[in-house]
Novice: 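After the C-alpha cells below, expect a handful of questions from me.
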Protein chains: 2
Amino acid sequence: MRIGELAQASGTPIETIRFYEREGLLPAAPRTEGNYRIYTPQHAERLGFIRQCRNLDMTLDEVRVLLRFKDQPLAACGEVNSLLDEHIGHVAERIRELRGLEKELRSLRAACLTPHVAADCGILNGIDQAGAHGAAQRKRRHVRGAH
Amino acid sequence: MRIGELAQASGTPIETIRFYEREGLLPAAPRTEGNYRIYTPQHAERLGFIRQCRNLDMTLDEVRVLLRFKDQPLAACGEVNSLLDEHIGHVAERIRELRGLEKELRSLRAACLTPHVAADCGILNGIDQAGAHGAAQRKRRHVRGAH
DNA sequence: GAAAACCCTGAAGTGAGTATAGAGTCAAGG
DNA sequence: CCTTGACTCTATACTCACTTCAGGGTTTTC
Ligand SMILES: [Zn+2]
Ligand SMILES: [Zn+2]
Ligand SMILES: [Zn+2]
Ligand SMILES: [Zn+2]
C-alpha cells in the first residue's frame with residue numbers, strides 16, 4: 001500500500017507517518033521506481049501500536065522503549081511493566097494537579113457573578129492576590145495540559 | 001531593581017522575563033547607561049499577574065486578554081468572566097480525558113502481573129488490541145498532558 | 001587592576017507534530 | 001500524444017512557552 005492508503009487506514013496524517021520514519025519509529029519504507037514509499041501490513045501494525053501509545057499519552061521516547069521490546073520478543077518484559085507504572089504515575093499526578101487548578105479557578109470565578117468595571121472585577125483582582133498567599137509553581141511534565 | 005532582583009523576587013527565570021518583554025506581555029523596561037533593564041514595583045506586579053495566570057495553566061493568549069482589561073480599568077469585565085468559564089472548561093475536559101486514560105492504563109497494567117518474555121507480555125499485546133475496539137483519538141487542547 | 005558576578009543580544013533547541021512551497025509521478029480522458 | 005488531476009516527494013518553516021547557548025559588555029568587590 002502507498003502512504004495515502006496507510007494514512008487512511010490508520011487515521012494518521014501523511015506528514016505524521018513521514019515524521020515517524022524520520023524519527024526512527026517506523027523503519028524506512030522501501031520505494032517504488034518512482035520513489036513512492038510502499039508499506040506492508042507489518043508497517044501498518046507497527047504504526048497502529050505507536051498511535052495507540054500516543055492515545056495513551058505516552059511520549060515518543062516512552063514509545064521507543066516499548067518498540068524495542070516488540071523488536072526483541074525473547075527479552076524479559078520487566079522494563080515494560082515499570083515503564084507503564086511510571087506513566088500511570090505521570091497521568092495520576094497530572095490529574096491531581098488539574099483538580100486543584102479547577103477548584104482554584106472555580107472559586108476565582110465566583111468572585112465576579114455579575115459583570116461590572118474591570119478595575120473592580122473580583123476575578124482580575126483575585127488573580128493578583130492568589131499569588132500573594134503562595135500558590136503552587138508549575139512544573140514541567142509530559143502529560144499535556146488543558147489546551 | 002535590575003532583572004536579577006526581579007527574577008529572584010518573582011521566582012521567574014531571567015530569560016523568561018526577557019521573553020515576556022519580547023512577546024509584549026511586559027512593557028519594554030527603561031535602561032541604565034550601561035543598557036541594563038530597570039524595573040519598578042509596577043513591573044513586578046504585572047509579572048506576578050502573568051505568572052499567576054500561568055500557574056492556572058492559561059495560555060499566553062488567554063493572559064494577553066486579561067492584561068488588556070487590566071490596562072483598561074473602565075471597560076466592562078464580561079469577557080473576563082467568559083474567558084474564565086471557557087478555561088475552566090478546558091481544565092475540566094482534560095481531567096475527564098485523563099481519568100479515562102488512567103483507567104485504561106491500569107487495566108492494561110493488570111495484564112502483566114509477573115514478568116515474562118516480551119512476546120507473551122499482556123501489556124505489549126494489549127496495546128495492540130486496544131486500538132482494535134476503537135479507542136478515543138487524541139485532540140489538540142491547551143492544558144498540558146502528563147509529562 | 002583583576003576576578004567575580006551580573007547583564008546584554010541573537011540564534012538555536014525542545015516535543016510532537018502541522019503547514020507550506022515547489023517539484024516529480026502516474027492513471028484516465030480527449 | 002497530451003493534458004488534467006490526484007497522488008507523492010523533499011526541504012523548510014511554523015507552533016508554544018520557554019530554555020540554552022555563544023560571545024560579548026558592565027558593575028561590584030577584593
Ligand atoms: Zn509518561
Ligand atoms: Zn468581573
Ligand atoms: Zn484555557
Ligand atoms: Zn509483561
Side-chain angles (χ1 to χ4, degrees), chain A residues 1-26 28-39 47 50-65 67 87 90 94 137-147, chain B residues 1-26 28-39 47 50-65 67 87 90 94 137-147:
Chain A
M1 65 200 326
R2 297 196 307 196
I3 199 167
E5 204 182 333
L6 177 60
Q8 198 76 20
S10 66
T12 310
I14 290 177
E15 301 82 12
T16 302
I17 297 175
R18 290 196 280 245
F19 169 75
Y20 287 159
E21 180 179 318
R22 269 202 310 285
E23 290 295 302
L25 294 160
L26 288 174
R31 306 292 183 110
T32 67
E33 269 197 17
N35 200 32
Y36 286 12
R37 291 173 181 83
I38 35 175
Y39 293 99
L47 175 57
I50 297 170
R51 291 258 103 188
Q52 186 52 30
C53 289
R54 294 290 299 128
N55 278 341
L56 293 171
D57 237 332
M58 297 181 196
T59 63
L60 293 188
D61 274 347
E62 286 170 332
V63 179
R64 261 180 264 269
V65 172
L67 285 174
H87 182 60
H90 297 155
R94 188 66 178 134
Q137 296 279 94
R138 271 158 39 89
K139 284 169 233 154
R140 192 157 280 267
R141 323 151 203 82
H142 92 105
V143 175
R144 295 184 324 285
H147 295 117
Chain B
M1 64 200 331
R2 297 196 306 199
I3 199 168
E5 204 181 334
L6 177 60
Q8 198 77 21
S10 65
T12 311
I14 290 176
E15 301 82 13
T16 302
I17 298 175
R18 289 195 282 245
F19 168 76
Y20 287 159
E21 181 180 318
R22 269 203 310 285
E23 290 296 298
L25 294 160
L26 289 174
R31 306 292 183 110
T32 66
E33 271 195 15
N35 199 32
Y36 285 12
R37 290 172 179 83
I38 36 176
Y39 294 99
L47 175 58
I50 296 170
R51 295 262 73 183
Q52 186 53 28
C53 290
R54 294 289 298 128
N55 278 339
L56 294 171
D57 236 331
M58 297 182 195
T59 63
L60 292 187
D61 274 346
E62 286 170 333
V63 178
R64 261 181 265 269
V65 172
L67 285 173
H87 181 60
H90 298 156
R94 188 65 178 135
Q137 297 278 95
R138 272 158 41 89
K139 287 169 230 151
R140 191 159 280 265
R141 322 150 204 80
H142 91 104
V143 173
R144 295 185 322 286
H147 295 115

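Please read all numbers here as calculations on a predicted model, not as lab measurements. Note on naming: letters A, B, ... go to the chains in the order of the sequence lines (proteins, then strands), and numbering restarts at 1 for each one.
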Novice: Partners of B:Asp61 by side chain to side chain contact (heavy atoms under 4.5 Å, CB included), sequence neighbours excluded?
Specialist: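 For B:Asp61, the residues satisfying side chain to side chain contact (heavy atoms under 4.5 Å, CB included) (neighbours in sequence not counted) are B:Thr59, B:Arg64.
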Novice: Rounded to the nearest 0.5 Å, what's the gap from CZ on A:Arg54 to CD1 on A:Ile50? Could you check?
Specialist: 10.5 Å
Novice: Going by the rule side-chain hydrogen bond (donor to acceptor under 3.5 Å, both in side chains), which residues pair with A:Arg31 if we only count those two or more places apart in sequence or in a different chain?
Specialist: A:Asn35
Novice: Heavy atoms of chain A, cut-off under 4.0 Å: which first and last nucleotide of DNA chain C, 5' to 3', fall inside that, if you could look?
Specialist: C:dA16 to C:dC26
Novice: With rounding to the nearest 0.5 angstrom, report the CG to CE distance, A:Leu60 to A:Met58.
Specialist: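 So the CG of A:Leu60 and the CE of A:Met58 are separated by 11.5 Å.
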Novice: Can you tell if the side chain of B:Tyr39 reaches within under 4.5 Å of the side chain of B:Leu47, non-hydrogen atoms only?
Specialist: no
Novice: Which residue pairs pass the side chain to side chain donor-acceptor pair (under 3.5 Å) test when at least one of the two sits in residues 1-12 of chain B, sequence neighbours left out?
Specialist: B:Ser10-B:Thr12
Novice: In whole angstroms, how far is the P atom of D:dA6 from the CD atom of A:Gln8?
Specialist: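 Value for this atom pair: 15 Å.
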Novice: Between CG of B:Leu56 and NE2 of B:His87, what distance do you get to the nearest 0.5 Å?
Specialist: 6.5 Å
Novice: Excluding sequence neighbours, so at least two apart, what forms salt bridge (charged side-chain N to carboxylate O under 4.0 Å, His left out) with B:Arg37?
Specialist: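 If we apply the salt bridge (charged side-chain N to carboxylate O under 4.0 Å, His left out) test to B:Arg37, skipping adjacent residues, the hits are B:Glu21.
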Novice: Base contacts versus sugar-phosphate-only contacts with protein, heavy atoms under 4.0 Å: please encode nucleotides 14-22 of chain D as B, S and - from 5' to 3'.
Specialist: ---BBSB--
Novice: Which value, rounded to the nearest 0.5 Å, describes the distance between A:Thr16 atom OG1 and A:Leu25 atom CG?
Specialist: 11.5 Å
Novice: Using atom names, set out every protein N or O paired with an N or O of nucleotides 27-30 of chain D below 3.5 Å, distance rounded to 0.1 Å.
Specialist:
from, atom 1, to, atom 2, distance (Å)
D:dT27, OP1, B:Gly34, N, 3.3

Novice: Do you know the tightest heavy-atom contact between B:Ala7 and B:Pro13?
Specialist: CB-C, 4.5 Å
Novice: Let me test you: for the helix from C:dG1-D:dC30 to C:dG30-D:dC1, what is the angle between the axes at its two ends (five pairs each), rounded to 10 degrees?
Specialist: 30°
Novice: Identify, with sequence neighbours excluded, every residue that meets ring-ring contact (aromatic ring centres under 6.0 Å, His included) alongside A:Tyr20.
Specialist: none
Novice: Run the ring-ring contact (aromatic ring centres under 6.0 Å, His included) test against B:Phe19 and tell me which residues pass, sequence neighbours left out.
Specialist: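 For B:Phe19, no residue satisfies ring-ring contact (aromatic ring centres under 6.0 Å, His included) once neighbours in sequence are set aside.
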